[in-house]
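These numbers come from the heavy atoms of this one structure, side chains and all, not from hydrogens, waters or symmetry mates. Predicted model only: the values in this text are computed from it and were never measured.
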Amino acid sequence: MIRLGLVGIGKIARDQHIPAIAADRRFTLVATASRHAQLDDVPGHADITAMIAGGHDLTAVSLCTPPSGRHAIARAAIEAGLHIMLEKPPAATATEITDLENLARARGVTLFATWHSREAAGVAAAREWLVGRTIHAARILWKEDIRRWHPGQEWILAAGGFGVFDPGINALSIATAILPETLLLDAAQIDIPEGREAPIAATLKMRSGAAPVIAELDFLQTGAQSWDIEVDTDAGTLRLSMGGSVLEVPGAKPQTGADREYPRLYTRFAELIAAGKSDVDIRPLQLVADAFLVAERRTVAPFSY
Ligand code: NAP
């Protein structure tokens, strides 16, 4: 039994982590740490230090706070000898996550930097279908309504909040998993609302081998939402839609499956702990960092919730 502490009781903790933990017999949720929020039936603390000192005989922690500030929390957990699972994006900077990886290795604990979208129903089959095919081009359209999915989350448009890259990094996590050749960024444009620090829209021009890969990310999409990736190949076009949960390939009916993203993440975490291993892939985070390095920036209209 893995005695788990959950840190940062907000939207994703309540929507996904708590139900997934409750349904997994390998885990028991024994404590939480959150500055304001608490669960009715689980002992709560204001921060990780108090939770570690709380006498819960913790085995592991799962972090659901925003990326900025996560390094210090994760470091405290690793130094206490706890296995650790991180929401995406795994840290505020590429160096922070590398540092955590080194600390976890030195301390002999598991570090799992999760990418939940890679667990969507169509992603593994998409990767398999693309093996051995010649890729001509790919397009990513990741357009959602910030007011609907991130209501009142001021942190997301602050420095270190990732802005539209908070959802957009999910698309990059799928693209880096399914495209056989390294995804390289050539150019980017990012739009930052006047008075904010993080982008509300971005366009990335990338390539995978010789194939151009264009990503359009938008946080102001009302009406139908788009979480789509299309890959043109010598055998026709592969289409992953609904965030990777629906796969369409030439000559076959659309394939889909139940949403098991978070149950799969906790299964993988339990397996990594049992095997004494870590899983840290920073490629999606590196692409976001690259975009901030090379992007042309535009100031656009102010945004308020
Ligand atoms: P959220 O609703 O704002 O929840 C995060 C919680 O972390 C807050 O409620 C807050 O609780 C705590 N926290 C600790 N330090 C904080 C700080 N400096 N600023 C703000 N909150 C802080 O955010 P979320 O949507 O759950 O997102 C959290 C992480 O999950 C992000 O990395 C995001 O990318 C990822 N994620 C989100 C979704 C989604 O649909 N929203 C989906 C997948 C992954 P206290 O005030 O009690 O400390």
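- The shortest side-chain heavy-atom distance between Asp99 and Leu103 falls under the 4.5 Å cut-off.
- In this structure, the side chain of Gln221 engages the main chain of Ala224 through a donor-acceptor pair within 3.5 Å.
- Taking CG from Leu111 and NZ from Lys277, the interatomic distance works out to 15.0 Å, rounded to the nearest 0.5 Å.
- The minimum heavy-atom distance linking Ala202 with Phe165 is given by the pair CB-CZ, 3.8 Å.
- Here the side chain of Glu197 pairs no donor or acceptor atom with the backbone of Gly160 at under 3.5 angstrom.
- Remark: Glu96 does not engage Arg75 in a salt bridge, criterion side-chain N to carboxylate O under 4.0 Å.
- Connection of Val246 to Val123 is not established within any shared hydrophobic cluster, with ILVMFWY side chains joined at heavy-atom distances below 4.5 Å, either directly or through further cluster members.
- Judged by distance alone, with hydrogens and angles left aside, the side-chain atoms of Arg207 form no donor-acceptor pair with the main-chain N or O of Asp186 at under 3.5 Å.
- Leu4 belongs to a hydrophobic cluster whose remaining members, ordered by chain and number, are Ile2, Leu6, Ile9, Ile12, Ile18, Ile21, Phe27, Leu29, Leu39, Val42, Met85, Phe112, Tyr262, Leu265, Tyr266, Phe269, Leu272, Ile273; membership requires side-chain heavy atoms of ILVMFWY residues under 4.5 Å apart, directly or through intermediates.
- A donor-acceptor contact shorter than 3.5 Å is absent between the side chain of Arg283 and the backbone of Thr182.
- The minimum heavy-atom distance between Ala235 and Pro250, with the atom names listed, is O-CG, 3.3 Å.
- The distance from the CD1 atom of Ile78 to the OG1 atom of Thr110 is 10.5 Å, given to the nearest 0.5 Å.
- Connection of Leu82 to Val280 is established within a shared hydrophobic cluster, with ILVMFWY side chains joined at heavy-atom distances below 4.5 Å, either directly or through further cluster members.
- Of the candidates Phe219, Trp142, Trp227, Trp227 is the only one forming a ring pair (Phe, Tyr, Trp, His ring centres under 6.0 Å) with Trp149.
- Closest non-hydrogen pair, Ala188 versus Leu204, comes out as CB-CD2, 3.7 Å.
- Under a hydrophobic clustering in which Ile, Leu, Val, Met, Phe, Trp and Tyr are joined whenever their side-chain heavy atoms come within less than 4.5 Å, directly or via other members, Leu247 and Val131 fall into different clusters.
- The shortest distance between side-chain heavy atoms of Gln16 and Asp259 falls below 4.5 Å.
- The heavy-atom pair separating Ser173 from Ser117 by the smallest distance is OG-CB, 4.0 Å.
- By the neighbour-count criterion of 12 heavy atoms within 6.0 Å, atom CZ of Arg297 is densely surrounded, having more than that number from other residues, nucleotides or ligands.
- Using a 4.5 Å heavy-atom threshold, the side chains of Arg239 and Arg139 count as separate.
- For the residue pair Glu87 / His17, a side-chain donor-acceptor distance below 3.5 Å is found, with atom types taken as modelled.
- Salt bridge status for Asp228 with Lys143: absent, with no side-chain N to carboxylate O gap under 4.0 Å.
- Annotation for Gly223 and Arg148: closest pair O-NH1, 4.1 Å, computed over non-hydrogen atoms.
- Listed here is the closest heavy atom pair of Ala211 and Ala137: CB-N, 3.9 Å.
- Side-chain heavy atoms closer than 4.5 Å link hydrophobic residues (I, L, V, M, F, W, Y) into clusters, and following such links, possibly through other members, connects Ile282 to Ile178.
- The backbone N or O of Thr134 sits less than 3.5 Å from a side-chain atom of Asp234, completing a donor-acceptor pair.
- The line from CG of Asp218 to OG1 of Thr203 is 9.0 Å long, rounded to the nearest 0.5 Å.
- Taken from OG1 in Thr59 to CZ in Arg26, the straight-line distance is 13.5 Å, to the nearest 0.5 Å.
- Ile169 places a side-chain heavy atom less than 4.5 Å from the side chain of Trp115.
- Other cluster members for Ile214: none, since no ILVMFWY side-chain heavy atom sits under 4.5 Å from it.
- Taking 4.5 Å as the limit, every side-chain heavy atom of Arg133 sits out of range of all side-chain heavy atoms of Val231.
- Under the 4.5 Å side-chain contact rule for hydrophobic residues, Met206 and Leu293 share a cluster.
- Taking CG of Leu184 as the start and CD of Gln286 as the end, the distance is 10.5 Å to the nearest 0.5 Å.
- In this structure, CG on Asp166 lies 11.5 Å from CG on Leu217, to the nearest 0.5 angstrom.
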